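Throughout, a chain's letter reflects where its sequence line sits, starting with A, and its residues are numbered from 1. This structure is a prediction, so every number in the text was calculated from the model and none was measured.
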2 protein chains.
Amino acid sequence: MKYEAERTQLSTYLSGMGLKHTKQRDVILTIFLDSDDHVSAEDLYQRVRKKSPSIGYTTVYRTLKLFVDAGLAQEHRFDDGLTRYENEHAHHDHLVCLDCGKIIEFNSELIEDAQEKVAVEYGFKVLHHRHELYGRCSDCENKSQ
Amino acid sequence: MKYEAERTQLSTYLSGMGLKHTKQRDVILTIFLDSDDHVSAEDLYQRVRKKSPSIGYTTVYRTLKLFVDAGLAQEHRFDDGLTRYENEHAHHDHLVCLDCGKIIEFNSELIEDAQEKVAVEYGFKVLHHRHELYGRCSDCENKSQ
DNA sequence: TTCGGTGCAAAAGATTTGCATATGT
DNA sequence: ACATATGCAAATCTTTTGCACCGAA
């Protein structure tokens, strides 16, 4: 079964907190895991209602918060003013091409290490971070020359 | 006179765009430049009304947008859901405390270098970037233990 | 005098909460 | 049976807009 790890993680969290495992939570989890990286509550609600029209917006909203608490999702606020939820999978950062809009994921041990040094310097405990490089990808750079 | 450069920049922008130089804009600019780095419209309004109670929230709000257009301020949305405006100065990144909301600025040559390595690796030309570390500041970390 | 600016009130957009009912344990 | 979950409606919170009056150029 797909998403076994996530289901287990949620179940563990639910029983550990004396919370219930409901049909709604199951449906929402499945659709959330199948969605693009950054869904808003509204996005997800629209997808959920196609599959289960009886599920309300509030439940989707509260379930996303639950996922955050359970460590399955991260909340992010972007410049369009919407709160989006990101499926917490292997950490990565982004290169965003301002010409073609392409988004490239990257990972850099060097950056993570340097970041940790900064955190230590300020006595700051980092829980998560966001790092985005905006510019021109190689394709667009070549095209414009 | 303090803030001469900023005043000139604003005046130039205003006349260039056929806009007017008003008392309100002057008051708001002065207080904005004297404020901490990351003020929300509400923050600034509270300070402004102490000095000039007749100035409305809407004017503060619209004036901040004006500052952004004039290149005097940058709009920034952090993950706490508020829009904040920062006086546009030398580049820096942010540490954001998820408990108390404090925002600390930092600069790291190490990170900038590591970032450049990533860019080269992907043939990416970086024009600007955004790097935020979310977590707990030393004060909150100590408090909770 | 003319056109942008201001301030109020109200709209809009998104998130959050209260409450009666439904449901998992 | 009991405590949590759900779904609706309504409240909040923040950002934005409409409009009549004001004021700088």
Side chains of residues 56-70 of chain A: which donor-acceptor partners sit under 3.5 Å, not counting sequence neighbours?
residue, atom, partner, partner atom, Å
Thr63(A), OG1, Thr59(A), O, 2.6
Lys65(A), NZ, Glu75(A), OE2, 2.6

Please tabulate, one pair per line, each protein N/O and nucleotide N/O from nucleotides 14-18 of chain D that are separated by under 3.5 Å, including the distance.
residue, atom, partner, partner atom, Å
dT15(D), OP1, Thr83(B), N, 3.3
dT15(D), OP2, Tyr57(B), OH, 3.4
dT16(D), OP2, Tyr61(B), OH, 2.1
dT16(D), OP2, Lys65(B), NZ, 3.2
dT16(D), O5', Tyr61(B), OH, 2.8

Study note, to complete from the structure: Rounded to whole Å, the NE2-C1' distance (His76(A) to dT15(C)) equals 18 Å
Revision key, fill the gap. Checking dG4(C), dG24(C), dG7(C) against the side chain of Leu19(B) (C-beta onward), the nearest is dG4(C)
Review point. Which whole-number value in Å describes the distance from Lys20(B) NZ to dA24(D) C1'?
Key: 5 Å
Exercise for review: Indicate the atoms forming the closest heavy-atom contact of Lys51(A) with Ile31(A), along with that distance.
Suggested key: CD-CD1, 3.8 Å
Check your understanding: Do Asp26(B) and Arg7(B) sit within salt-bridge range, that is, some charged N less than 4.0 Å from a carboxylate O?
Key -> yes
Check your understanding: Are the charged groups of Asp34(A) and Arg47(A) less than 4.0 angstrom apart, N to O?
Key -> no
Review point. From Ser40(A) OG over to Tyr85(A) OH, what is the distance, rounded to the nearest 0.5 angstrom?
Key: 9.0 Å
Review point. Can you tell if the side chain of Leu44(A) reaches within under 4.5 Å of the side chain of Ser35(A), non-hydrogen atoms only?
Key: yes
Practice item. Please report the C-alpha distance between Asp93(A) and Val118(B) in whole Å, then the side-chain angles of each, then the deciding distance to 0.1 Å, and finally whether the side chain to side chain contact (heavy atoms under 4.5 Å, CB included) criterion is met. Key: CA-CA 11 Å; Asp93(A) 291 305; Val118(B) 170; over 6 Å; no
Practice item. May I have the distance from Ile55(B) (atom CD1) to dG5(C) (atom C1'), rounded to whole angstrom? Key: 12 Å
Exercise for review: Give the rounded distance in Å between these two atoms: CZ of Phe67(B) and C1' of dG5(C).
Suggested key: 14 Å
Practice item. Would you check if there is a donor-acceptor pair between the side chains of His94(A) and His131(A) at a distance under 3.5 Å? Key: no
Review point. How close or far is atom C1' of dC8(C) from atom CZ of Arg49(B), stated in whole angstroms?
Key: 14 Å
**Study point:** Separation of dT16(C) C1' from Leu66(A) CG (nearest whole Å)
**Key:** 16 Å
Check your understanding: Do any of residues 22-29 of chain A sit with a heavy atom less than 4.0 Å from DNA chain C, and if so which?
Key -> Lys23(A)
